Amino acid sequence: MHLKAYNQFLEYLKKEQKDQAVIYAMSLLEEKKLTIEELYQELLAPSLTTFECDVEDQEVCIWKEHFRTSIIRTILESCYLYIIKRVEDVKKTEKKIVVFTPSFEYHEIGAIMVSHFLLLEGFDASYIGANTPKDDILSAIKAYHPDFVAMSVTNPYNLVITKQINDEIKKQYPDVKIIIGGQAFVHQNALESIKYDYLLQTLDDIKNLRKEVQV
Ligand code: B12
């Protein structure tokens with residue numbers, strides 16, 4: 001664990017010093033002190049999942065959370081160049097994956113990270129967005145002909161729409177494998193009646209999928 005780096009990063013976030021946070025995160029990659037995977041898992045993800053507001057006023061807390069998310073989002077986009085460079089040396093799987101979050105699901109940081117992890121494992125992954133309506137998902141499948149779709153669901157309220165989307169994918173495109181992941185599936189009963197082929201949560205799960213589709 002890179003605890004020192006995490007604490008330093010958190011200091012910048014707590015003070016809402018966006019530029020310093022972005023520069024620091026990128027310098028860790030540039031100086032090869034952290035890999036992309038370590039940066040995402042040990043700094044970026046916990047800085048959001050453990051977010052605690054130290055201000056009484058709830059409205060202030062909301063914009064603080066939004067601002068922190070926007071800093072993390074900027075870092076993720078800035079990492080893309082590093083991903084392209086690393087992917088050049090990765091053995092490709094020839095498997096296409098469309099990544100998204102379903103209608104009403106605005107939490108997208110996990111989905112973006114997962115799409116980057118998939119690229120680094122040699123998948124041809126495309127993140128098509130958050131809050132994606134069923135018809136747009138179906139038309140993306142029609143256009144891209146993916147081998148897999150990967151959906152990230154955080155809010156358990158969105159399990160109903162998830163079920164509807166997956167039923168429709170399986171009806172229209174039975175050969176497309178459905179991967180689900182995200183905090184909404186942490187409880188076993190969330191899976192009841194949802195059609196899916198893989199439940200994945202971690203980078204190790206993605207690496208195992210990579211081994212399964214070995215070419
Ligand atoms: C940032 C944030 C937001 C932002 C999201 C912005 C954005 N662009 O993404 C905004 C402000 C929009 C938001 C809104 C809301 N939020 Co919010 N939010 C969060 C917060 C602080 C961080 C989420 C995050 O990005 N985590 C970091 C990522 C990296 O973690 P992750 O998503 O879990 O992903 C990891 C794994 O789960 C996994 N993974 C995820 N998906 C997938 C998919 C696959 C295929 C695989 C392999 C792996 C995988 O890989 C990732 C990397 O490790 C969490 C707190 C928390 N504990 O997470 C609350 C939280 C998720 N939000 C919550 C709530 C309640 C809401 C709102 C309903 C609040 C409201 N009243 O308006 C709305 C709902 C909006 C909606 N319709 O979706 C609750 C959910 C509680 C619950 N279980 O129901 C949480 C837990 C806060 C809390 N403690 O109450 N939120």
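Note that the structure is a prediction, hence the values are computed from the model and not measured.
Counting only N and O atoms by type, the side chains of Gln172 and Glu168 include a donor and acceptor under 3.5 Å apart.
Other residues, nucleotides and ligands contribute more than 12 heavy atoms inside 6.0 Å of the OH atom of Tyr173. With a 6.0 Å radius and a threshold of 12 heavy atoms from other residues, nucleotides or ligands, Tyr80 has its OH atom at or below the threshold. Heavy-atom neighbours of Tyr6 OH from other residues, nucleotides or ligands within 6.0 Å: above the threshold of 12.
Taking Phe67 as the reference, nothing meets the ring-ring contact (aromatic ring centres under 6.0 Å, His included) condition, with sequence neighbours excluded.
Side-chain rings of Tyr196 and Phe185 stay apart, their centers remaining 6.0 Å or farther from each other. For Tyr127 and His116, the ring centers are positioned 6.0 Å apart or more.
Within the structure, the salt bridge (charged side-chain N to carboxylate O under 4.0 Å, His left out) test picks out the following pairs touching residues 169-193 (sequence neighbours left out): Lys170-Asp197.
In terms of modelled atom types and a separation under 3.5 Å, the side chain of Lys4 and the main chain of His2 share no donor-acceptor contact.
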Run Asp167 and Lys195 through salt bridge (charged side-chain N to carboxylate O under 4.0 Å, His left out) and show every step you take. CA-CA 6 Å; Asp167 284 350; Lys195 293 194 176 113; 3.3 Å; yes
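Note that CG of Asn166 and CE of Met151 are 4.5 Å apart. Values are rounded to the nearest 0.5 Å. Here the straight-line distance linking atom CG of Leu13 with atom CZ of Arg68 works out to 5.0 Å at 0.5 Å rounding. Taking CD1 from Ile75 and OG from Ser47, the interatomic distance works out to 7.5 Å, rounded to the nearest 0.5 Å.
Side-chain contact between Thr202 and Lys207 is absent, with no heavy-atom pair separated by less than 4.5 Å. Counting heavy atoms from C-beta on, the side chains of Leu200 and Asn208 never come closer than 4.5 Å. In this structure, the side chains of Gln183 and Thr49 come closer than 4.5 Å at one or more pairs of heavy atoms.
In this pair, Phe9 and Tyr24 present their aromatic rings parallel. The plane angle is below 30°, not in the 30 to 60° band.
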